[in-house]
Amino acid sequence: MKEKQTYQHPINRYGNKISEEGVVVFDDVRGLPTDEIPFMSPDYVICIGHRGHIDLMYDDYLDYSEQYTVGVIFPNHSLQTVKITNDYLATLISVDTSMLSDPMLQIIEQMRYRYEPHPCVKLNKHQYRKIMNVVEVMRELAQIDIPDRRILQVLQLDLLLRLLNYYRTLRLTEPHVDRRISAQFHNTLAKHFREQREVQFYAQQACLSPKHFSSVIKKETGHTAAYWIHAAIIAEAKMLLHMRRDLSIQEIAFMLGFNEQASFCRYFRRETDLSPSEYRNKK
């Protein structure tokens, strides 16, 4: 009992580091920053469970964290402890919201589809070890003063998120996984968004009419199928414009399935209020 009273949550002690450094790894986490009232994080948080078990309310949904469980929590969602074991231990990776628009982290918006409605995924031991190997590199980068450390941290975070996305894809066909139509849609979208931008194509893959398919996706994810199609294309475009400066805008347009640069430019401007060249020069 004495240990519980003297324990101070790392976010309560060092929360200012998140805005200062952008990405911070907090170890020895034994619960939520608040126990009696709901906690709502202003930051993007990845929670990796090492041992023990915690039941919590995620908005109005009962969820949990335990050994080999990873939760990806988008900002401004309510969390409250329901029940927790004394041995619960986790690592948190907190990401300042200013990082969410970084072109090198467009994977975050792509993950919103899967993780915002249902944030937790259970890994196996091998997957957990791979994730923790990346986290160890992130810890080391935080301790040393080297040029471009922030960029290296972002690259490690991007790798971590891509691994999580891949591991969750492997589990989406399991019988207990809910939201089966939206899960299938996301997998199909990841494979075909460069050449297929029409809702009808994805509805056909699910053997549903476009109208019924769209209503199911909206119900399961909170956004329309068209929203997710546009989000995938724009996220990829932003990444290519920022990271692949060796490519011309016309080459990027062709890579994303546009027959001509002009149509890509109109599409990009409609979604971002910027032309591709304006976005590239802004960065």
To check you understand the geometry: which heavy-atom pair defines the closest contact between [X] and [Y], and what is its length?
X	Y	answer
Asn76	Pro42	OD1-CA, 4.1 Å
Cys47	Ser65	SG-OG, 4.2 Å
Asn259	Ser263	N-OG, 4.4 Å
Cys120	Tyr64	SG-O, 3.3 Å
Arg280	Ile252	NH2-CD1, 3.5 Å
Ile73	Pro119	CD1-CB, 3.6 Å

To the nearest 0.5 angstrom, please state how far the [atom1] atom of [X] sits from the [atom2] atom of [Y].
X	Y	atom1	atom2	answer
Ile144	Leu152	CD1	CG	8.0 Å
Arg139	Glu136	CZ	CD	5.0 Å
Gln261	Ser248	CD	OG	7.0 Å
Asp43	Ile11	CG	CD1	7.0 Å
Arg149	Glu140	CZ	CD	12.0 Å
Leu62	Gln80	CG	CD	11.5 Å

Test item: Asn165 side-chain N/O and Leu161 main-chain N/O as donor-acceptor pair under 3.5 Å =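 Side chain of Asn165 to backbone of Leu161, a donor-acceptor pair under 3.5 Å: no, none is there.
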Report yes or no: does Thr85 contribute a side-chain atom to a donor-acceptor pair with the main-chain N or O of Gly52 at less than 3.5 Å?
->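 Between the backbone of Gly52 and the side chain of Thr85 there is no qualifying donor-acceptor contact (under 3.5 Å).
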Phe185: partners by ring-ring contact (aromatic ring centres under 6.0 Å, His included), with sequence neighbours left out |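 Partners of Phe185 by the ring-ring contact (aromatic ring centres under 6.0 Å, His included) criterion, ordered by chain and then number, come out as Tyr113, Tyr202, Phe213.
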Test: [X] and [Y] ion pair at under 4.0 Å:
X	Y	result
Glu20	Lys17	no
Arg269	Glu278	yes
Asp87	Arg30	no
Arg244	Glu251	no

Looking at residues at least two apart in the chain, or sitting in another chain, which of them share a side-chain hydrogen bond (donor to acceptor under 3.5 Å, both in side chains) with His230?
->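 Checked His230 against side-chain hydrogen bond (donor to acceptor under 3.5 Å, both in side chains); matches are Tyr267.
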Yes or no on side-chain contact (heavy atoms from CB on, under 4.5 Å) for Phe268 and Ile249, after CA distance, side-chain angles and deciding distance?
-> CA-CA 11 Å; Phe268 191 87; Ile249 291 174; over 6 Å; no
Can you pull the ring pair (Phe, Tyr, Trp, His ring centres under 6.0 Å) pairs that have at least one residue in residues 72-104, sequence neighbours excluded?
->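 Output for this query lists Tyr44-Phe74, Tyr58-His77.
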With the side chain counted from C-beta on, respond yes when [X] and [Y] share a heavy-atom pair under 4.5 Å apart, and no when they do not.
X	Y	answer
Asn124	Tyr167	no
Cys265	Pro276	yes
Arg150	Met99	yes
Ile131	Leu164	yes
Thr69	Leu123	no
Leu105	Leu157	yes
Ser214	Val199	yes
Leu208	Ile181	yes

hydrophobic_cluster_shared for [Y] and [X], side chain cutoff 4.5 Å:
X	Y	result
Val29	Met40	no
Leu274	Leu247	yes
Met57	Val72	no
Ile107	Ile229	yes
Met239	Met255	yes

Are more than 12 heavy atoms from other residues, nucleotides or ligands located less than 6.0 Å from atom CD of Gln200?
->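 12 or below, so no.
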Just wondering, more than 12 heavy atoms not from Asp246 lying within 6.0 Å of its CG?
->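 More than 12 within 6.0 Å, yes.
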Apply salt bridge (Lys or Arg N to Asp or Glu O under 4.0 Å) to the pair Arg51 and Glu66, showing each step before the final yes or no.
-> CA-CA 6 Å; Arg51 68 173 189 238; Glu66 61 182 10; over 6 Å; no
Mind checking whether His223 and Tyr227 have parallel, tilted or perpendicular rings, split at 30° and 60°?
->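 The rings of His223 and Tyr227 lie parallel, inter-plane angle below 30°.
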Verify side-chain contact (heavy atoms from CB on, under 4.5 Å) between Lys238 and Thr272, making sure each step is shown before the conclusion.
-> CA-CA 10 Å; Lys238 286 181 175 179; Thr272 67; 4.0 Å; yes
Give the C-alpha distance, both sets of side-chain angles, the deciding distance and a yes or no for side-chain contact (heavy atoms from CB on, under 4.5 Å) between Tyr128 and Ile48.
-> CA-CA 9 Å; Tyr128 166 82; Ile48 305 169; 3.9 Å; yes
So Thr91 and Asp27, side chain to side chain donor-acceptor pair (under 3.5 Å) or not? Walk me through it.
-> CA-CA 5 Å; Thr91 289; Asp27 290 304; 2.7 Å; yes
Going by atom types only, do His50 and Tyr68 share a side-chain donor-acceptor pair under 3.5 Å?
->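 No, no side-chain donor-acceptor pair sits under 3.5 Å.
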Could you tell me whether the side chains of Asp96 and Ser19 share a donor-acceptor contact shorter than 3.5 Å?
->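 Result is no, nothing qualifies.
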Using the side-chain contact (heavy atoms from CB on, under 4.5 Å) rule, take Met111 and Arg162 through it: C-alpha gap first, then chi angles, then the decisive distance, then the call.
-> CA-CA 9 Å; Met111 292 178 71; Arg162 290 182 185 277; over 6 Å; no
Cation over ring, Arg197 on Phe258, under 6.0 Å and within 45°?
->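 Here Arg197 passes the 6.0 Å and 45° test against Phe258.
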